[in-house]
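What you see below is based on every heavy atom in this structure, not just the backbone, and it leaves out hydrogens, waters and symmetry mates.
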Amino acid sequence: MNNRAFTKQKKGNTDAKIKAVRPWFYAVAAAIPILFFVLLETALHIFNYGSDYKQWVNVTADKLMLNPELCRRYFYTTASVPYSNQNTFDTNKKPNSFRVFILGESSAAGYPYTPNGDFGRYIKKRLEACYPTAVIEVVNLGITAVNSYTIRDIMPGVLEQKPDLILIYTGHNEYYGALGVGSMESVGKSPFIVNTALYLNRFRTFQLARNIIKSVMSIISGSSSVKGHGGTLMSRMAQDKQIQLNSDVYKAGLHQFESNMTDVLKMAKEAGVKVILSTVAFNLKGQPPFIPAKAEGYMRADKVFELANKSLKEKDIHKADSLFRLAKDLDALKFRAPESLNKITIKLAHEFNYPLIEADKEFSLNSPDSIVGNNLMVDHLHPTLAGYKLLGKLFYNKMEETNCLPKQAKTNISEEAADSIANKFWFSKLDSIVAEYRIIILKNDWPFSEPKSAEYVLKLFNPQNQIDTIAIKIIENNLSWEAGHRQAATYYFNHQQYDLFKYEIEVLVDQYPFITEYYTDGSENLIRAKQYDLAYGLLEKSYKNNPTPFNTKWLGAINLFENRIEPAIKYLEESSLLDNNDAQVFFNLAGAYSIKKEYKKAYAAVNRCVQIDPGFHQAQGLRQQLSAAIQ
């Protein structure tokens with residue numbers, strides 16, 4: 001072999017080796033950045049950097065609720081993020097459970113009557129009245145200042161919990177809600193980009209990069225974050241941005257809504273889950289335009305509003321309604337959903353063949369002159385408590401109409417009786433004052449008026465008593481809703497207002513039925529105060545939730561005292577099985593058997609009582625009497 005041939009062969013061998021090594025080289029080169037991010041993500045987890053954005057958290061071993069920190073996915077510059085009404089549901093769904101999720105914003109959550117004044121309360125109570133053998137779970141996931149981005153983001157997690165039905169009431173926050181096209185929290189107008197960012201935001205590495213960029217931008221711009229301003233969250237989110245009818249930003253908001261809600265309904269269809277959609281209602285004749293700018297081709301919004309009022313006075317209702325709606329749409333501040341957005345909801349309901357409620361029209365039908373005003377709205381878009389009950393009834397009627405109801409047999413109860421039960425919310429004086437104060441704060445801030453100082457607003461509250469003071473603490477976030485109601489209950493008990501004490505406990509039980517201390521502490525206090533009739537209702541609820549030696553003992557004792565012997569024996573027997581060492585239970589059981597002349601059973605019970613407590617003199621006397629009776 002000559003030198004040229006040898007060199008050629010050697011070069012060929014080298015090229016072959018390079019070709020063999022090259023794929024490995026590319027693989028290693030590609031793996032290095034991936035490995036870097038994996039290690040960085042792991043390190044950030046180890047050092048607990050960033051936030052855990054998991055959707056559900058355990059409140060007890062067998063109960064879940066929406067993570068209160070979830071909204072950090074959507075609010076990047078806000079210190080204190082909003083959260084849902086903290087409704088809970090079983091970790092493992094029971095076979096006889098009927099599970100409903102409600103999706104939406106503050107008007108779905110029941111503002112200003114949160115957490116116990118939302119329309120889901122009506123639905124839950126109506127279902128419980130009609131289907132007593134079913135486990136009814138109505139979980140309201142409505143959150144203040146969010147929009148369709150949040151609904152789309154949490155939808156997969158909602159479907160994982162196997163809902164039987166999803167109710168959607170959304171649309172008002174599409175422009176200024178978190179990540180909306182006109183929001184302070186916006187990251188762009190493209191739904192694809194925003195939803196991709198939401199997905200990546202679950203990774204700590206992305207959170208790190210986002211926080212670095214935010215810090216740099218803050219230094220460059222010299223601006224403070226949203227958290228530095230007072231007022232309501234929505235006023236801080238929107239600031240003074242103007243969005244004209246038919247402008248590019250206006251159209252981007254509609255596109256954002258349609259894109260996200262299409263994805264939401266596709267997910268539901270693929271999972272085979274029933275959905276009921278609703279248009280959103282708004283205050284038409286009671287709310288003038290916030291920013292009456294002139295859109296191209298139209299009169300100024302305030303002039304249209306004046307014409308609407310003129311038509312209303314002339315009793316031209318159809319024309320007045322059309323003009324009020326146009327004035328709303330011409331309002332440059334898009335705090336109320338435009339008509340086009342409601343039309344998208346209607347279109348999507350038909351497209352996906354899902355039931356639809358036209359809440360705006362139904363609210364009109366229940367209003368003077370068939371135009372919604374302050375009769376059903378506390379402000380520009382949030383219903384009154386009566387309005388929320390109406391909304392609940394509309395959803396329930398649609399559930400009934402479309403057979404979206406539990407599989408269990410319906411009890412024999414009239415529609416009027418069921419409606420009456422459903423309308424009785426556990427909503428106390430404290431809740432009413434908190435709602436009233438929330439509206440005072442709202443209407444003394446932009447855009448309703450020039451922002452007022454905290455001192456000025458505090459004077460408007462004008463607290464007259466301890467309940468007013470507690471309400472202020474709740475409003476100022478110095479006291480939780482739950483702690484506030486406990487303080488109110490203590491106040492009423494100390495002032496011997498036992499019926500109001502019991503009502504506050506019932507409010508807490510209705511919101512957090514899994515917290516046994518409310519039942520036991522409430523009934524113990526009432527028993528100590530010898531308010532047995534008031535205690536009985538709490539004991540019954542406690543028993544239904546979880547039979548215990550305490551609730552069965554006192555249910556038996558109160559029934560015995562009231563000479564209701566059969567239920568007395570039922571509860572006392574159950575109590576004796578739960579706790580075989582309570583002398584009083586066996587003594588009461590002996591008394592109940594004696595009244596029925598079941599002397600042998602009575603003797604066995606009193607004998608056990610004396611065994612437990614030989615110094616129980618009344619029991620010793622009863623044992624002698626029973627011994628004689630048996631002989």
Side-chain angles (χ1 to χ4, degrees), residues 85-87 110-118 120-122 124-125 128-129 378 384-386 388-389 420-440 461-545 550-551 554-555 557-559 561-562:
N85 289 346
Q86 299 187 330
N87 298 152
Y111 181 89
Y113 307 104
T114 51
N116 54 331
D118 66 288
R121 300 283 167 161
Y122 178 96
K124 186 173 190 292
K125 289 182 179 298
E128 287 173 340
V378 295
T384 61
L385 198 57
Y388 281 119
K389 290 177 181 179
S420 176
I421 292 169
N423 269 299
K424 292 175 182 175
F425 285 23
W426 287 109
F427 197 82
S428 73
K429 178 66 174 174
L430 176 59
D431 293 308
S432 296
I433 295 169
V434 168
E436 180 184 332
Y437 287 174
R438 283 173 176 157
I439 293 302
I440 289 174
F461 290 165
N462 190 25
Q464 299 293 312
N465 52 48
Q466 183 61 26
I467 303 303
D468 291 348
T469 302
I470 293 170
I472 291 172
K473 289 180 180 178
I474 294 173
I475 289 294
E476 294 179 335
N477 292 320
N478 293 324
L479 198 65
S480 69
W481 178 91
E482 183 264 348
H485 279 280
R486 282 194 285 108
Q487 283 193 13
T490 301
Y491 171 82
Y492 288 133
F493 186 84
N494 292 339
H495 287 76
Q496 298 182 2
Q497 294 176 278
Y498 299 122
D499 54 340
L500 295 176
F501 164 79
K502 190 238 182 185
Y503 195 91
E504 289 294 341
I505 297 298
E506 292 275 20
V507 170
L508 288 165
V509 165
D510 188 58
Q511 175 66 16
Y512 301 115
F514 56 90
I515 300 180
T516 56
E517 288 80 2
Y518 297 147
Y519 304 99
T520 54
D521 293 351
S523 51
E524 277 180 3
N525 282 323
L526 289 169
I527 288 167
R528 192 170 69 248
K530 298 182 179 179
Q531 301 293 313
Y532 302 117
D533 287 344
L534 291 175
Y536 195 85
L538 284 176
L539 291 166
E540 277 190 313
K541 286 189 175 182
S542 175
Y543 175 80
K544 186 177 180 181
N545 186 56
F550 177 81
N551 57 41
W554 279 102
L555 284 168
I558 294 171
N559 275 300
F561 180 75
E562 296 291 337

Enquirer: Apply the test side-chain contact (heavy atoms from CB on, under 4.5 Å) to residues Tyr113 and Thr384: give CA-CA distance (whole Å), side-chain angles for both, the deciding distance (0.1 Å), then the verdict.
Expert: CA-CA 9 Å; Tyr113 307 104; Thr384 61; 4.3 Å; yes

Enquirer: Give a yes or no on whether a salt bridge exists between Lys429 and Asp468, defined as a side-chain N under 4.0 angstrom from a carboxylate O.
Expert: no

Enquirer: Asn551 and Ser542: which non-hydrogen atoms are nearest, and at how many Å?
Expert: ND2-OG, 2.9 Å

Enquirer: Measure the CZ-CG distance between Phe493 and Asp521 for me, rounded to the nearest 0.5 Å.
Expert: 11.0 Å

Enquirer: Between Lys502 and Glu506, does any NZ, NE, NH1 or NH2 come within less than 4.0 Å of an OD or OE carboxylate oxygen?
Expert: yes

Enquirer: Using the ring of each side chain (for Trp, its six-membered ring), is His495 parallel, tilted or perpendicular to Tyr491, with breaks at 30° and 60°?
Expert: tilted

Enquirer: Is there a side chain to side chain donor-acceptor pair (under 3.5 Å) between Tyr536 and Asn559? Walk through the geometry before answering.
Expert: CA-CA 9 Å; Tyr536 195 85; Asn559 275 300; 2.9 Å; yes

Enquirer: Once you measure the plane-to-plane angle for Phe461 and Tyr437, does it fall in the parallel (<30°), tilted (30-60°) or perpendicular (>60°) bin?
Expert: parallel

Enquirer: Should the ring pair Tyr532 and Trp554 be called parallel, tilted or perpendicular, given that the plane angle runs from 0 to 90° and is split at 30 and 60?
Expert: parallel

Enquirer: Are any of the side-chain heavy atoms of Asn87 and Tyr512 separated by less than 4.5 Å?
Expert: no

Enquirer: Quick one: closest heavy-atom pair of Leu385 and Gly117, and the distance?
Expert: CD1-O, 3.7 Å

Enquirer: Enter the distance from Ser523:OG to Leu538:CG here, rounded to the nearest 0.5 Å.
Expert: 6.0 Å

Enquirer: Would you check, one step at a time, whether the test side-chain contact (heavy atoms from CB on, under 4.5 Å) holds for Trp481 with Gln86?
Expert: CA-CA 11 Å; Trp481 178 91; Gln86 299 187 330; over 6 Å; no

Enquirer: What pair of heavy atoms forms the shortest contact from Leu539 to Ile558, and how long is it?
Expert: CD1-CD1, 3.8 Å

Enquirer: Got more than 12 heavy atoms from elsewhere within 6.0 Å of CZ, Phe561?
Expert: no

Enquirer: Hey, does the Lys NZ or Arg CZ of Lys389 hover above the aromatic six-ring of Phe425, less than 6.0 Å from the centre and inside 45° of the axis?
Expert: yes

Enquirer: State, to 0.1 Å, how close Gly484 and Ile470 come at their nearest heavy-atom pair, and which atoms those are.
Expert: O-CG2, 3.5 Å

Enquirer: So, taking the atom named CD1 in Ile467 and the one named OH in Tyr492, what distance separates them when rounded to the nearest 0.5 Å?
Expert: 3.5 Å

Enquirer: What's the spacing between Gln497 CD and Glu504 CD if we round to 0.5 Å?
Expert: 10.5 Å

Enquirer: Would Asp431 and Trp426 count as a side chain to side chain donor-acceptor pair (under 3.5 Å) if you check the C-alpha gap in whole Å, the side-chain angles of each, and the deciding distance to 0.1 Å?
Expert: CA-CA 9 Å; Asp431 293 308; Trp426 287 109; over 6 Å; no

Enquirer: Output yes when a side-chain donor or acceptor of Asn545 lies under 3.5 Å from a complementary backbone atom of Lys541, and no otherwise.
Expert: no

Enquirer: Is the backbone of Thr114 close enough, under 3.5 Å, to the side chain of Arg438 for a donor and an acceptor to pair up by distance?
Expert: yes

Enquirer: Closest heavy-atom contact between Gly120 and Asp118?
Expert: N-OD2, 2.9 Å

Enquirer: Look up atom OH in Tyr518 and atom CD1 in Ile515, then write down how far apart they are to the nearest 0.5 Å.
Expert: 3.5 Å

Enquirer: With no hydrogens and no angle check, is any side-chain donor or acceptor of Glu476 less than 3.5 Å from a backbone partner on Ile474?
Expert: no

Enquirer: Between Asp533 and Glu562, which heavy-atom pair has the shortest distance, and what is it?
Expert: OD1-OE2, 4.0 Å

Enquirer: When you measure from the side chain of Arg121 to the backbone N and O of Asn423, does any donor-acceptor pair fall under 3.5 Å?
Expert: no

Enquirer: Could you go through Leu526 and Tyr498, starting from their C-alpha distance and side-chain angles, then the distance that decides it, and tell me whether this counts as side-chain contact (heavy atoms from CB on, under 4.5 Å)?
Expert: CA-CA 7 Å; Leu526 289 169; Tyr498 299 122; 4.1 Å; yes

Enquirer: For Glu128, is there an ion pair with Lys124 - N to carboxylate O distance below 4.0 angstrom?
Expert: yes

Enquirer: Quick one: does Pro115's side chain get under 4.5 Å of Gln511's, heavy atoms only?
Expert: yes

Enquirer: Between Val378 and Tyr111, does the side-chain contact (heavy atoms from CB on, under 4.5 Å) criterion hold? Intermediate values first, please.
Expert: CA-CA 10 Å; Val378 295; Tyr111 181 89; 6.0 Å; no

Enquirer: Between CG of Leu508 and OH of Tyr503, what distance do you get to the nearest 0.5 Å?
Expert: 12.0 Å

